[in-house]
Structures are given as C-alpha cells and as structure tokens.
Participant: 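The structure that follows is given in the form of structure tokens.
No experiment lies behind these values; they were computed from the predicted model shown.
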Amino acid sequence: MASSSPNPALVTRRAARRLPRWALLMLAAAYLLPGVFGRDPWRNADLVAYAHMAAIAEGRSGWLVPTLGGVAGDAALLPNWLGALAIRALSPFVDPAVAARLPFVLLLAGTFALVWYATYRLARTEAAQPVAFAFGGEAAPVDYARAVADGGLLALMATLGLLQLGHETTPELMQLFGVSLYLWALASAPFRVGRARAAGIAALVILAASGAPSMASALGIAGIAVCAFSRVAGVRRLAPWIAAATALAGLVASRIGAWQLRTEALDGTVLLAIARQWLWFLWPSWLLALWTLWRWRDHLGHHHLTVPISAVAVALLSNLAMGGSDRALLLGLPALSVLAAFALPTLKRSTSAAIDWFSMFFFTGCALTIWVIYAAVQTGVPPRPAANVQRLAPGFVAHFSLPELLLAAAASLAWIALVRWRTGRHREAVWKSMVLPAGGVALCWLLLMTLWLPLLDYVRSSRALVERVAIHVAPGSCIASPGLSPVLVAALETLGPYRVDARASAASSACDTRIEVMAAAAASGATAPPGWRLAGTAQGPRDRDDALAIYHRVQPAAATPAR
C-alpha cells in the first residue's frame, strides 16, 4: 500500500479534509474579541504601553522619545505610534483604551493568518508531502497542506503562553507579528520570490523598531544559515536579501537607540524555574514539536523543518539569556506551532484519543470552576468561594450583565456541541487532535472575559488605587513623584488624570502634591519630608500592594512647571 519512502506522513484523501471555514473563523473570533471592550488597561506592561500611546496622542510626549512623567521610556517606537494614531483617529467616538487596543487585535489576527499561510507553504514543499499509496487514495498536495495548516493554527490558539500576552496592548504583539511575517517569508521563498524578499526585509525592520533588535539580528543570522544551506534553489537566493534585512534592522535600531542587552546570569534555581515555565507556557505545542523531531528525524535538513526549528531555537536561547523572560519565549510560539503541525499526520490513534480525553476533562473542569465562582459572587452560594473572592478582592461589588451571561451560556453550549462533534465524527481528519485544545482555550478565555471580567478588572486595574488617591488630590493636579515606578506613573496619568513629574529633580519642582511609595506596614507611621505635610495614604484593594503616601506643600508654590 505505501511506498518505500521514509516520509512518516501517511494521509488519506479523507484525512486531508479541511476544517470548515465558518468554524475556524468563529473559533478565531471567540479567541480574539473577548477582553477588547469593557476593561481598563491592566497593571504592568499593558498599562505602561497604553500610557505611552495616550501621552503621544494627547501631545504630552514626543513621538521620537516617548516619556512618562518626564522620564524617557523604551524605544519601541512603532507600537507606540500605532496605538497613538488609533487613539487620534477614533477619538472622541471610541474610548481611548479601546481605540489603542483595536490595532493590536488586528495584529494578532494577522499573526494567525501568517502562521496558517507559513504552514501551508511549508507543507506544499516536496519533502513535506505524504507518502503516495500503491493503489491511490493518498491526499492531494493542496488538500494535505490546507489540513496541516489548519492544525498549525489550532496549535497556536491552544498554546497557553499566548493567552494573556496575546491580548495585551504591548510591543511584544507587534514583535509576534514580525516573527510570523518572517516565517512566512522563509516559507514562501520557493513560491513567492518577490513577496518573500519584501516580507523578510519588513519583518526584521518591524522587530527592530518594536524594541527587539537583538531578536531581529539573531533571526536574521539563523535565516541566512537556513537559506544558504537549503536544498531548494529558490530559498538559497533569499540569503543575500535576509543579510541586507539584518543590516537594515541593525541600522534602524541604532538610529532610534533601541539596542539594549538584557541578559541575566543563570544558576540551578533559575534553570529549574525556566524548565517549569517551558512546560506550561509552551503546552501543548512543545509535546507535538518533540514528536515531530522524532518522527521526522531523517528529514531534519529539509526546508519545512529547518525554518521553524531555527526560529524556535532563537526564542529558547533568548529566553535563557534573559533569565526566563516570557516575552522572549512568546516570540517562539508561531514557529513552535508550525513545527507541531507536522506531528499531526504522524500521530497514532491512541495518542490522539489521549489528547482528546485530557482536553475534554481539563477544559470542562476549568469551565465549571468559572461558572461556580461566578454563581458564588452573584448569589453567595456556595459560600466558601464567595468568601475567598471577598478575601482576595476586598471591597469588590458584584455586577450583573445579562448580555455577558447569555454569551457565556452560548459558549458553554457550543463547547458541549464541539465535544460531541469531535467524538462522533471526523476522526480521520489531520487536524482532529487540536480541535478540543484550541476550543477549550477559547472557551475559558471567553468565560473569563464575560463572567469574571468585573472581578478581574477590579483586581488587575489600578483604577481603585487612583480613586483612593483622588480623595486627597483633585483631578488635574500636578504631582511630584521622583523615582515612582512607570506602572504607577502610567496609572496616575491615564486614570487620574494627573500631571506627574517623576524625574529625579521632581522634589524641587513647583508641584503642590507629592506622592511616595512605602511598604504597606509603614503607611500608618509615614513622616512628612521638610516643607510637606501628610495628607493621607492610598492603597490598592490587595493587601500586598504597596501604599502611597500623599503629601501637600505647607506653602503652595505660585506656579506649576512647564511640561
């Protein structure tokens, strides 16, 4: 029946059927859209990135040197410009936080499309094609490539590490798009010569202008090696273009001052933490990627494997060099998903069944947990989860929304239908093993962003802290906060809004209010600096948050500083 080829992919014509487009689009929408509306920018990177965009859009910061509180921020200019332009274009019809978020949703959607097409192009290469049967019936090349590409996209959506970071308004999302565009360029070199060259140049420049010049350089060097030693003539001709793109990316990074090496020393404790991070962050794609490396071990030099392997290696090494940075690891997810896709045509039925059963029980359990805690928050029953919520989020008042409840109920019913559909039909499809993992991730994210959104927004937003500051400080006031963290400066500037001076010399500025951070335990005993009196303290809803000590001048200054 099978030929003597060592290719491990044995795919029948029926197994190469593609996932219905409407189902794939609905699944992608369930992944992309929840969390876009109805929430504040969340603490840390999401809030800081949005604050830079808002400052540029409102004219409080320069376009070439973004600042927060008068202090220069990072050099990720391209994402900041994108968000600022969206705020300007959609104001005042759309909330600025939502306006800044919309182009990044499109970037994630573009990442999905690029991963699909990169997988499709790699699966179309001769070495990736399945074995031809002696009496026919094998999958057609185009059908096979489409089915594998569907599996690659589902693997990306199923990967846990993408879930939170992929829904933030941060430079890493543009970097993720750049990496995906780079993968598509290398994958399309034998088929789309001109477009592949243009995409390769654009991808590395996007990475450099988005705050990842080191990653651009590493990917460029790896890409040059992949192209130079390729067995495909069209791919070898791409090598000088990738070299030129690497040099151009380095020039752009130097021009905007983006070169920042953030390396950390490694010891046994850090390595153990990184190993645990890889296990959950890359799940389940890492498992399938290892299976690909084993089953295709005699084909590792072929184009459909060298491209994703090189990109995954760069991300893993960057993660190690940066002491376990999850944002460096994020950039390896597109290539890891492509690599995982080539495991799907080689999986045994027992392995596919194990993935299905695990996904069904795990995500059903997660969904039930979300529903139970939602019921406890709304009704107080069961009492123990309700008490835990009040302990972890003191002061939270439950909000009821009928549209969100109906949407969550519809998603839960769709999950039940998906489980029945998967276990009842289409057992032979190449992408079958990734349907439940991807659907389960989308389900849980949608439930979190509907049923739990008010609670999560209360805990992860800084609005409650800023509202407590507002008890002592009038909106629009000038606040001197020398050395205040970028997260707190961003919260005060965007949620206050206040005019914050966080420069080292801010203590001697003409601001009539001063805010400093102190440990929560010392807040009650705060001592005012000379010339200031303690007006009060403000603390976030979580006990572990540091407290802010708020001071007013004893003798108010006559003027405010020019910004």
Side-chain angles (χ1 to χ4, degrees), residues 21-22 24-54 56-57 76 78-91 93-117 153-154 156-181 184 203 206-207 209-211 327 330-331 333-334 337 403-404 407-408 411 438-439 441-450 452-453 456-457 460-461 494:
R21 298 299 97 175
W22 66 266
L24 189 59
L25 291 175
M26 288 189 64
L27 185 59
Y31 191 99
L32 292 168
L33 297 180
V36 175
F37 307 97
R39 68 174 180 90
D40 289 326
W42 286 346
R43 269 193 300 272
N44 300 323
D46 192 31
L47 178 58
V48 172
Y50 166 68
H52 278 297
M53 299 167 193
I56 294 173
L78 200 56
N80 291 335
W81 293 348
L82 182 64
L85 289 173
I87 293 174
R88 283 196 170 186
L90 299 177
S91 176
F93 307 105
V94 179
D95 179 76
V98 175
R101 206 171 286 141
L102 289 176
F104 288 83
V105 175
L106 296 178
L107 285 176
L108 185 56
T111 296
F112 284 179
L114 289 169
V115 167
W116 191 94
Y117 280 105
L153 177 53
L154 293 175
L156 179 62
M157 286 192 283
T159 306
L160 297 181
L162 182 65
L163 193 57
Q164 176 184 328
L165 299 183
H167 290 88
E168 292 182 346
T169 308
T170 58
E172 285 75 19
L173 206 53
M174 181 162 279
Q175 296 169 16
L176 188 72
F177 177 83
V179 170
S180 303
L181 182 61
W184 181 87
I206 287 173
L207 277 170
S210 301
R327 297 179 186 273
L330 173 72
L331 303 186
L333 296 187
S337 302
E404 291 179 350
L407 184 59
V441 168
L443 166 72
C444 292
W445 177 251
L446 190 148
L447 293 181
L448 288 173
M449 292 297 101
T450 50
W452 280 26
L453 184 58
L456 292 175
D457 200 40
R460 301 206 59 189
S461 169
T494 59

Participant: Nearest 0.5 Å, please: how far is CZ in Arg21 from CG in Leu24?
Facilitator: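 One gets 5.0 Å once the value is rounded to the nearest 0.5 Å.
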Participant: Do the non-hydrogen side-chain atoms of Trp81 and Leu78 ever get within less than 4.5 Å of each other?
Facilitator: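 Counting from C-beta outward, Trp81 and Leu78 do come under 4.5 Å.
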Participant: Please find the pair of heavy atoms, one from Gly166 and one from Leu108, that lie closest to each other, and give the distance.
Facilitator: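 In this case the closest contact between Gly166 and Leu108 is O-CD2, 3.3 Å.
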Participant: Is any side-chain heavy atom of Thr159 closer than 4.5 Å to one of Ser337?
Facilitator: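 The answer is yes; the side chains approach within 4.5 Å.
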Participant: Do Leu156 and Leu162 have side chains that get closer than 4.5 Å, going by heavy atoms?
Facilitator: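 SC-SC contact between Leu156 and Leu162 confirmed.
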Participant: Working to the nearest 0.5 Å, report the span between CG of Leu173 and CG of Leu82.
Facilitator: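 If we round to the nearest 0.5 Å, Leu173:CG and Leu82:CG are 10.0 Å apart.
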Participant: Mind checking the CG-CH2 spacing from Leu114 to Trp184? Nearest 0.5 Å is all I need.
Facilitator: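 The CH2 atom of Trp184 is 8.0 Å from CG of Leu114, to the nearest 0.5 Å.
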Participant: Does Pro34 offer a backbone N or O that forms a donor-acceptor pair with the side chain of Trp445 under 3.5 Å?
Facilitator: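 Yes, the answer is positive, given that a donor and an acceptor are paired below the 3.5 Å cut-off.
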Participant: Using the ring pair (Phe, Tyr, Trp, His ring centres under 6.0 Å) criterion, which residues pair with Phe112? Sequence neighbours excluded.
Facilitator: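 For Phe112, the residues satisfying ring pair (Phe, Tyr, Trp, His ring centres under 6.0 Å) (neighbours in sequence not counted) are Tyr31.
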Participant: Taking side chain as C-beta onward, heavy atoms only, is Leu333 less than 4.5 Å from Val115?
Facilitator: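 The answer is no; the side chains never approach within 4.5 Å.
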Participant: So how far is it from Phe104 CZ to Glu172 CD, rounded to the nearest 0.5 Å?
Facilitator: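 Answer rounded to 0.5 Å: 10.0 Å.
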Participant: Looking only at heavy atoms, what is the nearest atom pair of Val36 and Leu32, with distance?
Facilitator: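 Looking at all heavy atoms of both residues, the closest pair is CG2-O, 3.6 Å.
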Participant: Is any side-chain heavy atom of Leu176 closer than 4.5 Å to a side-chain heavy atom of Leu165?
Facilitator: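 When only atoms from C-beta onward are counted, Leu165 and Leu176 do not touch, as no gap falls below 4.5 Å.
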Participant: For the residue pair Met174 and Ile206, establish whether any side-chain heavy-atom pair is separated by less than 4.5 Å.
Facilitator: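 The answer is yes, as the side chains (C-beta and beyond) meet within the 4.5 Å cut-off.
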Participant: Indicate yes or no: at least one non-hydrogen side-chain atom of Gln175 is less than 4.5 angstrom from one of Pro79.
Facilitator: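 In short, these two side chains do not touch, never coming nearer than 4.5 Å.
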Participant: Mind listing the side-chain donor-acceptor pairs of residues 44-54 below 3.5 Å, one per line with the distance, residues two or more places apart or on another chain?
Facilitator:
{"residue": "Asp46", "atom": "OD1", "partner": "Thr169", "partner atom": "N", "Å": "2.9"}
{"residue": "Asp46", "atom": "OD2", "partner": "Arg39", "partner atom": "NH1", "Å": "3.4"}
{"residue": "Asp46", "atom": "OD2", "partner": "Trp42", "partner atom": "N", "Å": "3.1"}

Participant: Side chain of Ser210, backbone of Leu207: donor and acceptor closer than 3.5 Å?
Facilitator: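 Flag not set: sc Ser210 to bb Leu207 has no pair under 3.5 Å.
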Participant: Side chain of Asp40, backbone of Asp457: donor and acceptor closer than 3.5 Å?
Facilitator: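 No: the side chain of Asp40 does not pair with the backbone of Asp457.
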Participant: For the residue pair Ser180 and Thr111, what are the closest heavy atoms and their distance?
Facilitator: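 What the structure gives for the nearest pair is OG-CG2, 3.1 Å.
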Participant: Kindly give the heavy-atom pair with the smallest separation between Ile87 and Pro96, and that separation in Å.
Facilitator: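 What the structure gives for the nearest pair is CG1-O, 3.6 Å.
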Participant: How close do Ala84 and Ile56 get, heavy atom to heavy atom, and via which atoms?
Facilitator: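 Closest heavy-atom pair between Ala84 and Ile56: CB-CG2, 3.7 Å.
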Participant: Between Pro334 and Leu330, what is the shortest heavy-atom contact and its length?
Facilitator: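 Between these two residues, the closest heavy atoms are CD-O, 3.9 Å.
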